[in-house]
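Below is one structure, written out as C-alpha cells, with a few remarks after it.
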Protein chains: 2
Amino acid sequence: MPSSKTKDLEQAARLFHALSDQTRLRIIDCLLECEQCVCDLTDMLQAGQSRLSFHLKILKDAGILKDRREGRWIYYSLNPDTIEELQEYAGSLKTRSHAVTGGSPCCD
Amino acid sequence: MPSSKTKDLEQAARLFHALSDQTRLRIIDCLLECEQCVCDLTDMLQAGQSRLSFHLKILKDAGILKDRREGRWIYYSLNPDTIEELQEYAGSLKTRSHAVTGGSPCCD
DNA sequence: TTGACGCATCAAGAAACCTTGATTCAAATA
DNA sequence: TATTTGAATCAAGGTTTCTTGATGCGTCAA
C-alpha cells in the first residue's frame with residue numbers, strides 16, 4: 001500500500017517524464033494557441049501519425065492533455081489543472097529552497 | 001546549426017528529464033533543507049553509493065544541483081537559478097495557455 | 001608511505017523508451 | 001453495405017536509462 005507521499009512522487013515523476021521529450025514539448029507548444037486534431041499536428045510537426053499518437057497518449061496519461069471527439073476527428077488541448085499543478089510544484093520548490101538559501105551548512 | 005528555439009527545447013527537455021525519476025525527486029527533497037554529502041544521502045534514501053552518484057550527476061548536468069568539495073566530502077545543494085528557470089517555464093505555459101482558455105475552437 | 005574512507009566511473013545486464021510500418025477500429029460518406 | 005478517413009494500437013527493432021558490483025582516484029590519518 002503506497003503512501004500518499006509515494007504516490008505524489010510517482011505522479012510528479014510521471015508528469016516530468018511526459019515533459020522530458022522534445023517532440024512532446026513541441027506538441028504542447030502547438031496546443032498553447034488552441035486545440036488541434038492529430039492530423040493538424042502531423043502537419044505542424046512533420047511527424048508520422050503513429051508516432052504522434054504515441055506521444056499524445058503519454059501526455060494524456062500524465063494529465064497534461066485532454067481530448068474530445070468530434071465526428072472523425074479527435075481534438076487535443078491542454079489541461080489547465082495540470083499546468084497549474086506544475087507551476088505549484090515549481091513554486092513550492094523555489095519557496096522551500098529559498099528559505100535556506102546561502103549554502104547553509106546544515107541542520108544536524 | 002540549431003536554432004535558439006531548438007536549444008531551448010533541448011534544455012527544457014533535459015531539465016524535465018532530470019526531474020522524471022523518483023529517486024532524483026527524493027534527492028531534491030532531501031536538499032531542500034540544506035546541503036548534504038553523498039553518504040548522508042545514501043543513509044537518508046537507503047540507496048547504494050554508485051546509484052546515488054549516477055543520479056547526482058544527472059541532476060548536476062541539468063544544472064539543478066551544485067557541488068562543493070570539503071576535504072573528503074562533496075556537498076550537494078540546489079541551484080536556485082535553475083529552480084527559478086523551471087518556475088518561469090511553468091509560469092509562461094500557464095500564462096500563454098490561460099490567454100486562450102475555454103476550449104477555443106481555433107485559429108488554423 | 002600505507003591504509004582507510006568518500007566518491008566518481010566503468011562494465012554488463014535488465015528494463016523502459018522511442019520509432020516505424022502494419023493492422024485495427026470507429027465514424028462518415030457513397 | 002462497402003469504402004474511405006482519422007486515429008489508436010500492435011509488433012519488432014534500435015536506443016537510452018537504470019541498477020549493481022567492481023575498480024580507480026583523491027584526501028586524510030596513522
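Below, read A as the first sequence line, B as the second, and so on, with proteins coming before strands; counting in each chain starts at 1. What you are looking at is a predicted structure, and each value in this text was computed from that prediction instead of being measured.
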Checklist entry - Once you round to the nearest 0.5 Å, how far does CG of A/Leu31 lie from CG of A/Leu59? => result 8.5 Å
Next on the checklist: Heavy atoms only, 4.0 Å cut-off, all strands: where does A/Ile58 land among base, sugar-phosphate and nothing?
Outcome noted: sugar-phosphate
Item to check | Integer-rounded Å distance: C/dT19 P and A/Gln46 CD | outcome: 15 Å
Next on the checklist: Counting primed atoms plus P, OP1 and OP2 as sugar-phosphate and everything else as base, spell out the protein contacts along nucleotides 4-11 of chain C at 4.0 Å heavy-atom distance: B, S or - for each nucleotide, 5' to 3'.
Outcome noted: BBSBBB--
Item to check | Residues touching DNA chain C, which here means a heavy atom under 4.0 Å, drawn from residues 16-23 of chain A | outcome: A/His17, A/Asp21
Item to check | Under 3.5 Å side-chain donor-acceptor pair for A/Arg51 and A/Thr23 | outcome: yes
Item to check | Phosphate contact (C/dT19 OP1 or OP2) by A/His55 side-chain N/O below 4.0 Å | outcome: yes
Checklist entry - Can you tell me how far NE2 of B/His55 sits from CD of B/Gln22, rounded to the nearest 0.5 angstrom? => result 10.5 Å
Checklist entry - With a 4.5 Å heavy-atom cut-off, do B/Lys60 and B/Lys66 have their side chains touching? => result no
Item to check | Nearest non-hydrogen partners of B/Arg14 and B/Ala62, listed with the distance | outcome: CD-CA, 4.0 Å
Checklist entry - Side chains of B/Asp29 and A/Leu9: closer than 4.5 Å at any heavy-atom pair? => result no
Checklist outcome for this item: Between B/Ile64 and B/Ala18, the two heavy atoms sitting closest are CD1-CB, 3.7 Å
Checklist entry - Can you say whether the rings of B/Tyr89 and B/Phe16 are parallel (under 30°), tilted (30 to 60°) or perpendicular (over 60°)? => result perpendicular
Checklist outcome for this item: Heavy-atom closest pair (A/Cys30 atom, A/Leu41 atom, distance to 0.1 Å) is CB-CD2, 3.7 Å
Next on the checklist: Salt bridge check, B/Arg96 against A/Glu33: does any charged N sit closer than 4.0 Å to a carboxylate O?
Outcome noted: no
Next on the checklist: Nearest whole Å is fine: how far is C/dA27 P from A/Arg68 CZ?
Outcome noted: 15 Å
Next on the checklist: For a quick check of understanding: with a heavy-atom distance under 4.0 Å over all strands, which category does B/Gly71 fall into, base, sugar-phosphate or nothing?
Outcome noted: sugar-phosphate
All N/O contacts under 3.5 Å from nucleotides 11-16 of chain D to the protein, with atom names and distances to one decimal?
none

Checklist outcome for this item: Taken to the nearest 0.5 Å, the spacing of B/Glu88 CD from B/Leu93 CG works out to 12.5 Å
